Structure formats: structure tokens, C-alpha cells
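As C-alpha cells, the structure follows; a few thoughts come after it.
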Amino acid sequence: MEATTSLPPVISSNNLVEQDPGSDSLFRASSFPSGSSDQRWRRRTSSLLARPTRQKSFGREVGHAAAETYLITGLSFKLLSYLGVGYRWITRLFSLVLYAMFLLPGFLQVGFCYFFSSHVHRSIVYGDRPRNRLDLYFPKNIDGPKPMVIFVTGGAWIIGYKAWGSLLGLQLAERDIIVASIDYRNFPQGTISDMVDDISQGISYVCNNVVEFGGDPNKIYLMGQSAGAHISACALLQQAVKESSGDGISWSVSQIRAYFGLSGGYNLLKLVDHFHGRGLYRSVFLSIMEGEKSLKHFSPEIIAQSPGLHNAVPLLPHFVLFHGTSDYSIPSNESITFADTLRKAGARAELILYNGKTHTDLFLQDPLRGGKDELFDYVVTFIHSDDKEALASDAMASPRRRFVPEILLRLAREVSPF
């Protein structure tokens with residue numbers, strides 16, 4: 001269950017609405033009066049960073065944290081119920097517990113910032129379906145329109161949750177980038193078409209409200225990790241085909257400046273047996289993907305080969321795919337072949353492989369390590385590439401702080417079940 005169960009209708013583009021964790025009602029976090037564009041923008045940004053009085057209650061924050069912890073625990077047990085509790089999963093569960101314990105010092109620090117930072121606005125409603133929520137991470141200084149990254153987290157299509165993007169959101173916000181981490185229905189609450197619809201609606205909401213959030217409408221980026229990379233790629237390609245066909249749309253693919261895919265899976269036909277061997281059994285996976293016949297319809301690599309994409313290619317943003325060569329959860333060949341397919345279709349695609357990196361190194365261990373991080377630095381430099389002032393500020397920025405001692409990171413990597 002979630003912290004709240006009463007779901008409101010989609011809010012208007014002139015209002016930012018946040019769910020009060022202590023009630024079923026909604027309250028308005030900020031509204032934006034008319035006036036000159038400069039006055040309106042300054043009112044927006046100052047209002048967005050001013051936490052609502054009701055949200056300052058420590059008790060409410062603790063209650064919300066407890067509800068979110070309950071949800072996460074429920075998702076974890078749900079995953080186990082679908083995967084079965086045989087010898088293989090008892091071993092993996094034990095590994096997962098050890099993995100979480102070794103990284104716990106970092107998780108606690110990030111969790112505290114997530115729940116109590118005045119620059120994090122949680123559970124913004126973007127639709128009328130369960131889990132149609134997103135979190136917003138704001139830079140400390142809003143002195144002009146900022147780039148916006150829309151992030152879609154992974155979780156094996158079963159335990160995805162917007163808070164998984166908190167470390168990335170906090171660290172990108174430190175570099176003057178606004179982040180929107182989108183939640184979506186997981187299986188069995190929804191199947192793959194529901195997930196893609198949720199993400200598409202979340203992208204639409206952000207694109208249509210980016211100015212209200214203090215973002216730059218010309219600098220919107222889409223990023224997905226693991227299952228989130230797959231879902232967001234499906235949403236992007238399906239939207240491009242729909243847009244090129246002249247169908248009605250609520251957001252344009254041309255609004256997305258670049259797509260960052262981190263450790264994603266892009267050809268489901270090739271992954272069925274691989275996931276079965278890893279414990280995500282074929283019957284469960286096919287249920288998530290709505291049957292074997294639907295696999296090709298939700299495989300970005302196959303969509304990119306379809307004749308229907310020909311007219312949509314000019315609309316597509318720059319694709320940048322990241323993958324670790326020692327990723328055993330989703331093989332790096334998934335990104336290699338997808339990048340090659342996109343190039344053959346005429347799209348702009350870039351592939352960056354990290355030798356020896358695992359599925360969680362790029363997204364968890366390396367960010368928790370702090371300091372310099374090739375992937376993070378690449379993304380930030382890419383986003384700030386046409387802003388000399390921002391690039392100069394990045395060059396002068398202090399190294400990211402370490403959250404977890406190196407010995408614990410190494411132990412976590414050794415026992416990781418991913």
C-alpha cells in the first residue's frame with residue numbers, strides 16, 4: 001500500500017499539488033500569479049523552495065517515512081512471492097540482506113535527506129491512477145531556468161519505486177539540475193502497457209509544467225535505469241511513432257533533448273531465458289509483458305527496426321547508452337545491439353561501456369563512493385555542454401562526498417545478488 005490511497009484528478013498546469021501524508025485531501029504547495037514573465041518566474045521558484053507549513057511537522061515526516069518503508073517492504077515480499085522461495089532464492093535473499101547491511105550507512109544518510117530536505121518535494125500527483133506520483137529535487141540556488149532530468153527507476157518491473165532515484169536526484173541537484181523521479185504501477189498492480197502509459201503521462205506532466213518548476217523547456221532530458229531504461233525507451237519510441245503518424249499527443253518527443261539509458265534491456269525476446277536462469281521465471285516475466293506475442297511490441301530494439309519508425313527518426317533525441325561489461329543482471333550486449341540498431345535506423349546513438357562494472361556499480365556503489373565518477377561527470381558535462389558558466393562551476397565543484405567506507409562497498413559488491 002502507499003502512504004495515501006485517495007487519488008485526485010490530474011492537476012492543472014498552473015498548480016503544483018502535493019499529497020498530504022497525514023490525510024486523504026490535497027493541499028496546494030504553490031500557485032503562480034500572473035504578471036511579467038520575470039516576476040512570475042521569481043515567484044514560482046521562491047514558492048517552490050518554500051516548504052508548506054503543514055509539511056514542517058516532524059511527526060508528519062516520520063509518519064510519511066514509516067508509510068514509505070511499509071510500501072518498500074511490501075514490494076520486496078511481493079517480489080519474493082512471485083520468484084518463489086526455493087534454495088536459489090533463500091541464498092539470494094540472504095545475499096540481499098548482507099548487501100543492504102553493508103550499504104546501510106549510505107542508505108540512512110540519503111534517506112534522511114530525501115525525507116527532510118527542503119529541496120525535495122515528494123509525491124507530486126501527475127495522474128489519477130495508483131502510484132501516479134513523482135518526486136522533485138531542486139538545486140539550492142534557483143537563479144535562472146535550470147535543466148530538467150526526468151528519471152525512471154528500475155526494479156525488475158515488480159519493485160520499482162520513485163525513491164530509488166533519490167541519490168541521483170540529490171547529486172544532480174547539487175550541480176544545478178532539477179530532477180523529476182517518476183513512480184509507476186508495478187506488476188501485478190499493472191502490466192507493461194500500464195507502466196509505459198504511466199511513464200508517458202509522467203513525462204507529459206513534466207514537459208507541460210517545466211517552466212512552473214523553474215526548469216528550462218529547451219533542456220529536458222529523459223533517463224532510465226535497468227527496467228526503467230526499458231520502460232522509458234518504450235514510451236519514447238512509441239510516442240515518436242504516434243507523433244509521426246499525426247495522432248493526438250500530450251507531449252512531443254522533440255521536447256526531449258537526449259535520452260540516457262543506464263544498464264537497460266531493450267530486446268525482450270533475447271532476455272526471457274536469461275531472466276529465467278536468474279530467477280525471474282518465464283511464466284512471471286510473460287505475465288508482466290502480457291504474453292509471448294507482446295514481447296516484440298515492447299522491445300525498443302525491435303521497434304527501432306520497424307518500418308513505422310522511419311518517419312519518426314527525425315523526431316528522436318540523442319541516445320546515450322551506458323552499461324557495465326560485468327553486468328550479469330542485464331548483459332551489456334543489450335545496449336551494444338540497441339545502439340547499433342538505432343544508428344542503422346538513422347538515429348543518433350552513443351554507447352559507453354565501463355569495463356568490469358556490474359549492474360549496481362554504476363547506479364549505487366560508485367555514487368555512494370563519492371569523488372569523481374565517470375558516468376556522473378559525463379551526464380553533467382553533456383547537460384551543461386552549451387553553458388560555459390555552468391561548466392566552469394562544475395570544474396570548481398567540490399568532489400562529491402563519500403557515503404560509505406570503501407571496505408563496506410567492496411564487501412557489498414562481493415555479496416551483491418544482482
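These numbers come from a predicted model, not from an experiment. Counting begins at 1 with the first residue of the sequence.
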(request) Return the set of residues passing salt bridge (Lys or Arg N to Asp or Glu O under 4.0 Å) with D386 (not counting sequence neighbours), or none when no residue passes. (result) K219, R257
(request) For the residue pair D327 and Y354, establish whether any side-chain heavy-atom pair is separated by less than 4.5 Å. (result) no
(message) If we count only N and O atoms by modelled type, under 3.5 Å, do the side chains of S335 and H323 hold a donor and an acceptor together?
(response) yes
(message) Show the nearest heavy-atom pair for residues A240 and A312, with the distance to one decimal.
(response) O-CB, 3.4 Å
(message) I need the minimum non-hydrogen distance between V206 and A180, along with the two atoms involved.
(response) CG2-CB, 3.9 Å
(request) Kindly give the heavy-atom pair with the smallest separation between S254 and S252, and that separation in Å. (result) OG-OG, 2.6 Å
(message) I need the I303 CD1 to C234 SG distance, nearest 0.5 Å.
(response) 5.0 Å
(message) If only side-chain N and O atoms count, and only distance matters, is there a donor-acceptor pair under 3.5 Å linking Y184 with Q189?
(response) no
(message) For D377, give me all partners under salt bridge (Lys or Arg N to Asp or Glu O under 4.0 Å), at least two apart in sequence or on another chain.
(response) none
(request) Please name all residues satisfying salt bridge (Lys or Arg N to Asp or Glu O under 4.0 Å) with D273, sequence neighbours left out, ordered by chain then number. (result) R282
(message) Does any part of the side chain of L375, heavy atoms only, come nearer than 4.5 Å to the side chain of D366, both counted from C-beta?
(response) no
(message) Less than 4.0 angstrom from a charged side-chain N to a carboxylate O is my criterion; do R369 and D373 meet it?
(response) no
(message) Has S393 got a side-chain atom pairing as donor or acceptor with E389's backbone, closer than 3.5 angstrom?
(response) no
For residues 258-267, dump all side-chain donor-acceptor pairs below 3.5 Å to protein atoms at least two apart in sequence or in another chain.
residue: Y259; atom: OH; partner: A229; partner atom: O; Å: 2.6
residue: N267; atom: OD1; partner: L269; partner atom: N; Å: 3.2
residue: N267; atom: ND2; partner: E301; partner atom: OE2; Å: 3.4

(request) Decide side chain to side chain contact (heavy atoms under 4.5 Å, CB included) for Y137 and I178; before the verdict, give the C-alpha distance in whole Å, the side-chain angles of both, and the deciding distance to 0.1 Å. (result) CA-CA 6 Å; Y137 299 81; I178 302 172; over 6 Å; no
List the atom pairs, donor and acceptor, that lie under 3.5 Å between side-chain atoms in residues 190-197 and the rest of the protein, sequence neighbours left out.
residue: T191; atom: OG1; partner: E290; partner atom: OE2; Å: 2.6
residue: S193; atom: OG; partner: E290; partner atom: OE2; Å: 2.5
residue: D194; atom: OD2; partner: T191; partner atom: N; Å: 3.0

(message) Does any part of the side chain of L103, heavy atoms only, come nearer than 4.5 Å to the side chain of L368, both counted from C-beta?
(response) yes
(message) If we count only N and O atoms by modelled type, under 3.5 Å, do the side chains of D135 and H121 hold a donor and an acceptor together?
(response) no
(message) I'd like to know if the side chain of N208 and the backbone of S204 have a donor-acceptor N/O pair within less than 3.5 Å.
(response) yes
(message) Using 0.5 Å steps for rounding, measure from the CG atom of L268 to the CD1 atom of I302.
(response) 7.5 Å
(request) Go through M223 and V152 one step at a time and tell me if the side chain to side chain contact (heavy atoms under 4.5 Å, CB included) criterion holds. (result) CA-CA 6 Å; M223 184 176 188; V152 184; over 6 Å; no
(request) Decide if the gap between the ring center of F213 and the ring center of F138 is smaller than 6.0 angstrom. (result) no
(request) Please confirm whether F382 and H318 have ring centers closer than 6.0 angstrom. (result) yes
(request) Quick one: pull up OH in Y221 and CD1 in I383 and give me the separation to the nearest 0.5 Å. (result) 6.0 Å
(message) Is it the case that the side chain of S226 and the backbone of G228 share a donor-acceptor pair, with hydrogens and angles ignored and the cut-off at 3.5 Å?
(response) no
(message) Please give me the minimum heavy-atom distance between C207 and I256, naming the atom from each residue.
(response) SG-CD1, 4.1 Å
(message) Whether R131 and D198 form a salt bridge (side-chain N of Lys/Arg under 4.0 Å from carboxylate O of Asp/Glu) is what I want to check.
(response) no
(request) With the side chain counted from C-beta on, respond yes when L96 and F418 share a heavy-atom pair under 4.5 Å apart, and no when they do not. (result) yes
(request) Find the distance between CG (L321) and OG (S332) and round it off to the nearest 0.5 Å. (result) 11.5 Å
(request) Could you tell me whether D216 and K146 have a side-chain N and a carboxylate O separated by less than 4.0 Å? (result) no
(request) Taking the side chain as every heavy atom from C-beta outward, state whether D361 and S326 have any atom pair closer than 4.5 Å. (result) no
(request) Output the distance between atom CG (L271) and atom NE2 (H230), rounded to the nearest 0.5 Å. (result) 8.5 Å
(request) Look up atom CG in L364 and atom CG in L168, then write down how far apart they are to the nearest 0.5 Å. (result) 10.5 Å
(request) Indicate, with yes or no, if the rings of F275 and W157 have centres closer together than 6.0 Å. (result) yes
(message) Can you tell me if D247 has over 12 outside heavy atoms packed within less than 6.0 Å of its CG?
(response) yes
(message) Checking the side chain of S416 only, and the main-chain atoms of A412 only, is there a donor and an acceptor separated by less than 3.5 Å?
(response) no
(message) Any non-hydrogen side-chain atom of E350 less than 4.5 Å from a side-chain atom of F319?
(response) no
(request) Please confirm whether the backbone N or O of S329 pairs with a side-chain atom of H274, one donor and one acceptor, at under 3.5 Å? (result) yes
(request) Mind running side chain to side chain contact (heavy atoms under 4.5 Å, CB included) on T381 and R175 for me, showing each step along the way? (result) CA-CA 10 Å; T381 301; R175 296 298 182 91; over 6 Å; no
(message) For Q305, I'd like to know if atom CD has over 12 heavy atoms of other residues, nucleotides or ligands within 6.0 Å.
(response) yes
(request) Answer whether the closest heavy-atom distance between the side chains of P417 and Y99 falls below 4.5 Å. (result) yes
(request) Check whether any side-chain N or O of S123 sits under 3.5 Å from a backbone N or O of R133 as a donor-acceptor pair, and report yes or no. (result) no
(request) With sequence neighbours left out, write down each residue that passes side chain to side chain donor-acceptor pair (under 3.5 Å) with S200, or none if nothing qualifies. (result) W251
(message) Using a 6.0 Å distance limit plus a 45 degree cone around the ring axis, check whether R122 lies over the aromatic ring of Y114.
(response) yes
(request) Identify the heavy atoms of H384 and D176 that sit nearest to each other, and give their distance. (result) NE2-O, 4.3 Å
(request) Report yes or no: does Y126 contribute a side-chain atom to a donor-acceptor pair with the main-chain N or O of I182 at less than 3.5 Å? (result) no
(request) Start with the C-alpha distance between E212 and N209, add both sets of side-chain angles, then the distance that settles side chain to side chain contact (heavy atoms under 4.5 Å, CB included), and finish with yes or no. (result) CA-CA 5 Å; E212 311 298 342; N209 289 277; 4.1 Å; yes
(message) Using every non-hydrogen atom in the two residues, find where T341 and A304 come nearest and quote the distance to one decimal.
(response) CG2-CB, 3.8 Å
(request) Decide whether a cation-pi geometry holds between R278 and Y328; the criteria are a distance under 6.0 Å from NZ or CZ to the six-membered ring centre and an angle within 45° of the ring axis. (result) no
(request) Can you label the angle between the F112 ring and the F116 ring as parallel, tilted or perpendicular, going by 30° and 60°? (result) tilted
(request) Taking the side chain as every heavy atom from C-beta outward, state whether R348 and L316 have any atom pair closer than 4.5 Å. (result) no
